[in-house]
Amino acid sequence: MAQVRVRFAPSPTGFLHVGGARTALFNWLFARRAGGKFVLRIEDTDRERSKPEFEEGIIRDLQWLGLDWDEGPSLGGPLGPYRQTERASLYRDQLKKLTSAGNAYYCFCTHKELEAERASAVEAGKSYRYSGKCRKLSPAESEEKRKSGLPFSVRLRVAEGATTFSDIIRGQVTVEHAEIDDFILVRSGGEPTYNFVVTIDDALMKISHVIRGDDHLSNTPKQILIYKALGLSLPLFAHIPLILGEDRTPLSKRHGASAVGEFKRQGYLPEALLNYLALLGWSLDGKTELFSKDDLIKKFSLDRVVKSAACFSYEKLQWLNGHYIREADEERVYQLCLEYLWDADAINEDFMREGGPALKRMIGTVKNSLKTISDVGDQITYFLGEVHSYDAEAFAKYLVPETIPILEKVVLVLEDTVAFSAMSLEEKFREVSKETGKKFAEFVHPMRLAITGRAASPNLFELIEILGKGRCLVRCLRFIQMIKAELSKGESVKTPAPPAE
RNA sequence: GACCCCAUCGUCUAGAGGCCUAGGACACCGGGUUUUCAUCCCGGCAACACGGGUUCAAAUCCCGUUGGGGUCGCCA
């Protein structure tokens, strides 16, 4: 069997979208699985919209996902170049073959004429197809017009009949040629069009399997027509379903993040996104959800790709991301959080001098509650700065005189403790609760509120250890003052001044 | 509009005629563990779009309807 060669062919006119990333992933997996080659080709024939920075961005995102390619721009390879704008001579050669064999012809219709044709077709309620006016030109007429300097495009001469192909995922697809007009191969400016170049590139790069988005299904017959006109052998096609938003419309910014770079910025791990993308449209057995890259390489196959479009679920991605964050080692999560907090201006050099060493431990305590790295900021505010506000519900609950002696006791215990470690602190408070006949929780909850401002936190004693005696005492003392002040305010409210008449 | 493609819980999916009173996962709701939260464990809710066939038997095959998506560019 011939070597498996697949390609991912993005156009550098924007960022790498998750749909594109999944297409790249499926191609990559297929190649790795088969021991074949994965080719990266840049489709930059749209000179207007193509930008080098988009190409760089796409490459960076692919690398971030860990999808490496065997041949591509800058890397090179035996069948390059791998940027379409650098392949002009190849297209010219193939075009010559088509025109000399009479499979393509010159078209001198102007935009205006075509626009008129299109307009009348629309008016008649029919779908537009090129009339084939210039197809009837004799070789002599055509030559004469060309010599006279008239601008011309080149069109494929599409014969009558139908094209049927067998898609690996869809099965047999048939399109009548009546549905296809003599489409343009080369624009009047001399630039080849997408359908033309993609076909030549795939053929010349010896691509064995074209795995791409469903949106190209309708283009496939056109491309097959070109392969045939050129006498090239056909690759196998596999059209994977599109990714939609939660409302079943095409996924876009409107739905939330849709570019790979955005997911990265929001604190998703590449292995989580990759795992999720693999599950969108593919499954192993309907039961296994967690896949490492190596698992995927071992298990992936195109015949388990579904036919129907899938809705992107941010919730499920988050679940996977949380799973991989929990699984990741602490150092890595710390580094990612650090980077995030720094970029978000939540920490600076001053902070790092003071609180830097404890930050790592702090992040360790919240690690298994993070769904994304960007959650970290919210979860450790009481560590990053002072406590300015308190959970309203909890505050109301502890806004009672009974809280005061409890916290005063807490202060005493904290002041008293020499070995300021989570373990000994907890032991101490267990003892105190026994001595005082109060429940352990009766100390813990108000203490947590005073120290973190929250009703929920990671292991409180660990936090106390990390925050240090001084800060905890200050916060408890201040909380006591606040309770007292609020309570006395309450009293004066109880005896309101007589209403003014 | 024409053509092409698709159709199982809210979402991702398993299911290739009897194994299906339709399985798993996310989300959601209960319960347990925990100082609270998160994690973890246990349980629950919830679907074969509709209508016709074919068959002893259909989520699975055929036809139609409806719904969704794609394409119809001198964009890719």
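To find a chain, count down the sequence lines: A is the first, B the second, and so on, and within it residues start at 1.
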Check: Does A/S374 have any side chain to side chain donor-acceptor pair (under 3.5 Å) partners at least two apart in sequence or in another chain, and if so, which?
Finding: A/T372
Next item on the list: Using the closest heavy atom to pick a nucleotide of RNA chain B for each, name whichever of A/V305 or A/R155 lands nearer the 5' end.
Entry: A/V305
Item checked: Atom pair distance, as rounded to whole Å: CD1 in A/I180 and C1' in B/G73 -> 16 Å
Notebook entry, point to check: Quantified in whole Å, what is the C1' atom distance between nucleotide B/A16 and nucleotide B/G10?
Noted result: 27 Å
Check: When the aromatic ring centroids of A/F291 and A/F300 are compared, is their separation below 6.0 Å?
Finding: no
Next item on the list: For B/A22 versus B/U66, give the span between their P atoms, rounded off to a whole number of Å.
Entry: 31 Å
Next item on the list: Could you give the distance separating B/C4 and B/A14 at their P atoms, to the nearest angstrom?
Entry: 26 Å
Notebook entry, point to check: With sugar-phosphate meaning primed atoms plus P, OP1 and OP2, does A/V306 contact a base, only sugar-phosphate, or nothing at under 4.0 Å between heavy atoms?
Noted result: sugar-phosphate
Notebook entry, point to check: Mind checking who B/A49 pairs with, Watson-Crick or G-U wobble, both distances under 3.5 Å?
Noted result: B/U65
Check: What one-letter contact string describes nucleotides 64-72 of chain B from 5' to 3', where B marks a base within less than 4.0 Å of any protein heavy atom, S marks contact via sugar-phosphate atoms alone, and - marks no contact?
Finding: ----SSBSS
Item checked: Partner nucleotide of B/C72 by Watson-Crick or wobble geometry (both distances under 3.5 Å) -> B/G1
Next item on the list: Using a 4.0 Å heavy-atom cut-off, write out nucleotides 25-43 of chain B from 5' to 3' as B (base contacted by protein), S (sugar-phosphate only) or - (no contact).
Entry: BSS-------BBBBSS---
Item checked: Nearest-Å distance for atom pair CZ/C1', residues A/F291 and B/U13 -> 11 Å
Checklist line | Inter-nucleotide C1' distance (B/G18, B/U55), Å rounded | finding: 12 Å
Check: Across all strands, who's sitting opposite B/A22 as a Watson-Crick or G-U wobble pair, both distances under 3.5 Å?
Finding: none
Next item on the list: Just jot down the salt bridge (charged side-chain N to carboxylate O under 4.0 Å, His left out) partners of A/R87, sequence neighbours excluded, or say none.
Entry: A/D201
Check: What pairs with A/K299 under salt bridge (charged side-chain N to carboxylate O under 4.0 Å, His left out), at least two apart in sequence or on another chain?
Finding: none
Next item on the list: Kindly say if A/R47 contacts the phosphate of B/A76, meaning a side-chain N or O under 4.0 Å from OP1 or OP2.
Entry: no
Check: Which part of the nucleic acid, if any, lies within reach of A/R304 when heavy atoms closer than 4.0 Å are counted: base, sugar-phosphate only, or nothing?
Finding: sugar-phosphate
Checklist line | For A/E408, all residues meeting salt bridge (charged side-chain N to carboxylate O under 4.0 Å, His left out), sequence neighbours excluded | finding: A/K484
Next item on the list: Nearest whole angstrom, please: distance from the P of B/A76 to the CG of A/D202.
Entry: 15 Å
Next item on the list: State which residues pass side chain to side chain donor-acceptor pair (under 3.5 Å) with A/R92; sequence neighbours excluded, sorted by chain then number.
Entry: none
Margin query: Suppose the criterion is side-chain hydrogen bond (donor to acceptor under 3.5 Å, both in side chains): which pairs have a residue in residues 159-168 of chain A, not counting sequence neighbours?
Written below: A/T163-A/H177, A/T164-A/T174, A/D167-A/H239
Checklist line | Short N-O contact, A/R41 and A/D202, less than 4.0 angstrom | finding: yes
Next item on the list: Report which part of the nucleic acid A/T174 touches: base, sugar-phosphate, or nothing (heavy-atom distance under 4.0 Å, all strands).
Entry: sugar-phosphate
Margin query: On the six-membered ring of A/F383, is A/R471 placed so that its NZ or CZ lies under 6.0 angstrom from the centre and within 45° of the ring axis?
Written below: yes
Note to self: Taking 4.0 Å as the cut-off, does a side-chain nitrogen or oxygen of A/T13 come that near to OP1 or OP2 on B/A76?
What the structure shows: no
Margin query: Using atom P in both nucleotides, what's the gap between B/U21 and B/A27 to the nearest angstrom?
Written below: 29 Å
Next item on the list: State which residues pass side chain to side chain donor-acceptor pair (under 3.5 Å) with A/T110; sequence neighbours excluded, sorted by chain then number.
Entry: A/E113
Check: Expressed in whole Å, how much space separates the C1' atoms belonging to B/C3 and B/G44?
Finding: 47 Å
Margin query: Whether A/R146 engages the ring of A/F152 as a cation-pi pair (distance to the six-membered ring centre under 6.0 angstrom, angle to the ring normal within 45°) should be assessed.
Written below: yes
Item checked: Between B/A76 (C1') and A/H17 (NE2): distance, integer Å -> 15 Å
Check: How close or far is atom C1' of B/C5 from atom CZ of A/F237, stated in whole angstroms?
Finding: 16 Å
Note to self: Please report the distance separating the P of B/C29 from the corresponding atom of B/G68, rounded so that it comes out in whole Å.
What the structure shows: 31 Å
Check: Counting side-chain heavy atoms from CB outward, which of B/C12, B/C4, B/G15 is closest to A/V173?
Finding: B/C4
Margin query: Among residues at least two apart in sequence or on other chains, which ones pass salt bridge (charged side-chain N to carboxylate O under 4.0 Å, His left out) with A/R304?
Written below: none
Note to self: From CG of A/L251 over to C1' of B/U11, roughly how many Å is that when rounded to an integer?
What the structure shows: 14 Å
Notebook entry, point to check: Does any nucleotide pair with B/A59 by Watson-Crick or G-U wobble geometry, both distances under 3.5 Å, and what is it?
Noted result: none
Item checked: Interatomic distance, A/I240 CD1 vs B/C5 C1' [rounded to whole Å] -> 14 Å
Next item on the list: Report the distance from atom CD1 of A/I184 to atom P of B/A76, rounded to the nearest whole Å.
Entry: 11 Å
Note to self: Quick check with a 6.0 Å cut-off and a 45 degree axis cone: is A/R326 positioned over the face of A/Y324's six-membered ring?
What the structure shows: no
Next item on the list: Applying side chain to side chain donor-acceptor pair (under 3.5 Å), name anything that partners A/S308, two or more places apart in sequence or on another chain.
Entry: none
Next item on the list: Please state the P separation for the pair B/A2 and B/U54 - nearest whole angstrom.
Entry: 31 Å
Margin query: Once you apply a heavy-atom cut-off of 4.0 Å, does A/L114 come out as touching a base, just sugar-phosphate, or nothing?
Written below: base
Check: Of the residues in residues 274-284 of chain A, which ones touch RNA chain B at a heavy-atom distance under 4.0 Å?
Finding: A/L279, A/L280, A/G281, A/S283
